[in-house]
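Contents: one structure, followed by commentary.
Here is the naming used below: chain letters follow the sequence lines, and residue numbers restart at 1 for every chain.
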There are 2 protein chains.
Amino acid sequence: MLDRQDRQLLEWLQGDAGLSVGDLAEKVGMSKSACWRRIQKLEESGVIRQRVTLLDPEKLNLPLTVYISIRTNQHNDQWSEQFREVLADIPEILEVHRMSGDLDYLIKAVVTDMPGYDRLYRQIIRANLSDVSASFVMETMKHTTALPLTHLPTV
Amino acid sequence: MLDRQDRQLLEWLQGDAGLSVGDLAEKVGMSKSACWRRIQKLEESGVIRQRVTLLDPEKLNLPLTVYISIRTNQHNDQWSEQFREVLADIPEILEVHRMSGDLDYLIKAVVTDMPGYDRLYRQIIRANLSDVSASFVMETMKHTTALPLTHLPTV
DNA sequence: GTCTTATTTGAAATTATATTTCGATAGTGG
DNA sequence: CCACTATCGAAATATAATTTCAAATAAGAC
């Protein structure tokens with residue numbers, strides 16, 4: 001069970017993984033050692049998954065984000081597993097979700113430009129897909145990795 | 001311009017923001033101080049955006065991810081700006097993109113369950129939207145924040 | 001080529017931070 | 001009230017970040 005202080009720590013850490021234990025301790029009002037142990041526990045328990053560095057896609061020559069919707073007529077496990085492995089190895093592909101509803105998979109990818117998208121497209125359709133359609137991101141109006149902590153059971 | 005060593009540093013840091021300068025220095029084969037300065041420059045130049053902590057949605061009672069597609073008949077700047085502000089303040093909403101093609105906006109959100117989605121839906125449709133449809137994530141097959149460094153101009 | 005200048009480097013010193021230790025405190029069940 | 005357990009804070013120790021400075025390297029200018 002996560003108490004108020006754990007939540008506060010998580011709130012701060014979601015925004016900045018580089019904060020020192022000392023800073024955090026001050027922010028949530030406890031000693032450094034208590035704070036440090038809290039963080040350890042949050043890591044051990046898996047609430048904290050990992051600490052990552054986010055880069056600027058534009059600066060990496062990846063200004064175009066695309067969502068690719070896929071329908072397939074292949075629905076067996078073996079095909080699905082192979083599809084997963086292919087996509088896992090393509091670094092431009094950031095997310096792959098199996099979806100409810102009329103589309104089967106939704107993919108998020110980053111590319112340099114339209115020719116870049118076309119190269120990606122050609123890789124993907126090697127699998128047996130009945131329908132592939134792309135929507136391009138014109139403008140990202142919000143983008144955060146911070147999850148709300150408001151749905152936890154009350155202490 | 002990012003040379004081989006910068007790229008290697010970024011590669012490692014994307015995977016783990018918690019690596020020490022010493023470890024990184026060893027991995028890419030340079031001294032600690034050189035390594036430290038490289039990282040500073042990458043931060044100053046904005047290639048490194050931020051370091052964040054990723055949490056486990058399930059452990060936060062947010063097992064359901066949903067993509068919400070929106071069409072609207074409102075296309076003026078003022079409406080758009082207001083829409084943005086409303087969405088920015090809803091913590092369950094992680095991403096909002098203005099899209100090309102037949103849908104206007106694509107939203108990614110996390111919720112506890114279907115009633116949770118319904119509450120979110122009701123908040124969103126307060127805006128003047130002509131069409132809102134949801135697709136739920138059954139299974140996330142890939143999810144990374146690491147961008148490919150393979151599209152940078154060669155040194 | 002070689003001189004000059006501006007960058008970048010590595011080792012060592014310094015400063016700051018993470019981690020451990022240990023005794024004190026507070027809550028729990030019997 | 002006592003024994004037990006979990007948590008705490010302050011201080012000690014171990015690691016790591018940051019700065020300093022002299023040497024090495026790269027980039028032009030001629």
Side-chain angles (χ1 to χ4, degrees), chain A residues 1-56 58-61 145-147 149-155, chain B residues 1-56 58-61 145-147 149-155:
Chain A
M1 182 84 359
L2 304 175
D3 66 15
R4 208 176 107 69
Q5 292 184 310
D6 288 320
R7 293 174 198 218
Q8 282 187 283
L9 286 175
L10 291 173
E11 201 71 81
W12 284 106
L13 284 171
Q14 285 197 104
D16 184 355
L19 288 168
S20 73
V21 175
D23 288 348
L24 286 165
E26 197 177 338
K27 285 177 192 303
V28 311
M30 64 176 127
S31 73
K32 285 194 296 175
S33 33
C35 182
W36 182 83
R37 282 179 298 237
R38 294 291 189 113
I39 296 168
Q40 292 302 310
K41 279 202 181 171
L42 291 167
E43 282 173 352
E44 281 163 27
S45 68
V47 174
I48 290 178
R49 267 253 182 81
Q50 58 175 165
R51 296 169 188 234
V52 301
T53 304
L54 303 181
L55 309 183
D56 183 337
E58 311 249 340
K59 296 237 161 67
L60 302 179
N61 193 27
T145 55
L147 302 174
L149 305 177
T150 46
H151 295 268
L152 290 162
T154 25
V155 183
Chain B
M1 183 84 358
L2 303 175
D3 67 14
R4 210 175 105 69
Q5 293 184 310
D6 288 320
R7 293 173 198 219
Q8 282 187 284
L9 286 176
L10 291 174
E11 202 71 81
W12 284 105
L13 283 172
Q14 284 196 104
D16 184 355
L19 288 168
S20 74
V21 175
D23 288 348
L24 287 165
E26 197 176 340
K27 286 177 192 300
V28 311
M30 63 175 127
S31 73
K32 284 193 297 174
S33 34
C35 182
W36 182 83
R37 281 179 297 238
R38 293 291 189 115
I39 295 167
Q40 292 301 310
K41 278 201 182 171
L42 290 167
E43 284 173 351
E44 280 163 28
S45 69
V47 175
I48 290 178
R49 267 254 183 80
Q50 56 175 165
R51 295 166 188 237
V52 301
T53 305
L54 303 181
L55 309 184
D56 184 339
E58 310 249 339
K59 296 237 161 67
L60 301 179
N61 193 27
T145 55
L147 302 174
L149 304 176
T150 47
H151 296 269
L152 288 162
T154 25
V155 184

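Remark: side-chain polar atoms of B:Arg51 are not paired, donor with acceptor, to backbone N or O of A:Gly18 under 3.5 angstrom. A side-chain donor-acceptor contact under 3.5 Å links A:Arg7 to the backbone of A:Leu2.
A:Leu9 and A:Val28 get closest at one heavy-atom pair: CD2-CG1, 3.8 Å. Between A:Gln8 and A:Lys27, the shortest heavy-atom distance links the atoms NE2-O, 4.4 Å. Taking every heavy atom of both residues into account, A:Val52 and B:Gln14 meet most closely at CB-O, 3.5 Å. Of all heavy-atom pairs spanning A:Asp6 and A:Met1, the tightest one is OD2-O, 4.2 Å. Heavy atoms only, all atoms of each residue included: B:Leu24 and B:Trp12 are closest at CD2-CB, 3.6 Å. Of all heavy-atom pairs spanning B:Cys35 and B:Met30, the tightest one is N-SD, 3.7 Å.
Atom pair B:Asp3:CG and C:dT8:P shows a separation of 10 Å (rounding to whole Å applied). Protein atom CD of A:Gln40 is 9 Å distant from nucleotide atom C1' of C:dA18, rounded to whole Å. Regarding B:Asp6, its CG atom lies at a distance of 10 Å from the P atom of C:dT8, rounded to whole Å. Rounded to an integer number of Å, the gap from A:Glu44 CD to C:dT19 P is 12 Å. Following rounding to the nearest Å, B:Lys32 (NZ) and C:dT14 (C1') show an atom-to-atom distance of 11 Å.
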Protein N or O to nucleotides 21-24 of chain C N or O, pairs below 3.5 Å:
none

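The CD atom of A:Gln50 sits 11.0 Å away from atom CG of B:Leu55, with the distance rounded to the nearest 0.5 Å. Interatomic distance, A:Ser31 OG to A:Glu26 CD, rounded to the nearest 0.5 Å: 12.5 Å.
In the region residues 14-26 of chain B, proximity to DNA chain D at under 4.0 angstrom, judged on heavy atoms, holds for B:Ser20, B:Val21, B:Gly22.
Bounding nucleotides for the chain A contact on DNA chain D, 5' to 3', at a heavy-atom distance below 4.0 Å, are D:dT7 to D:dA10.
Using a 4.5 Å cut-off on side-chain heavy atoms (C-beta onward), A:Arg38 and A:Asp3 make contact.
Relative to the side chain of B:Ala34, the nucleotides C:dT20, C:dT8, C:dT9 differ in distance, and C:dT9 lies closest.
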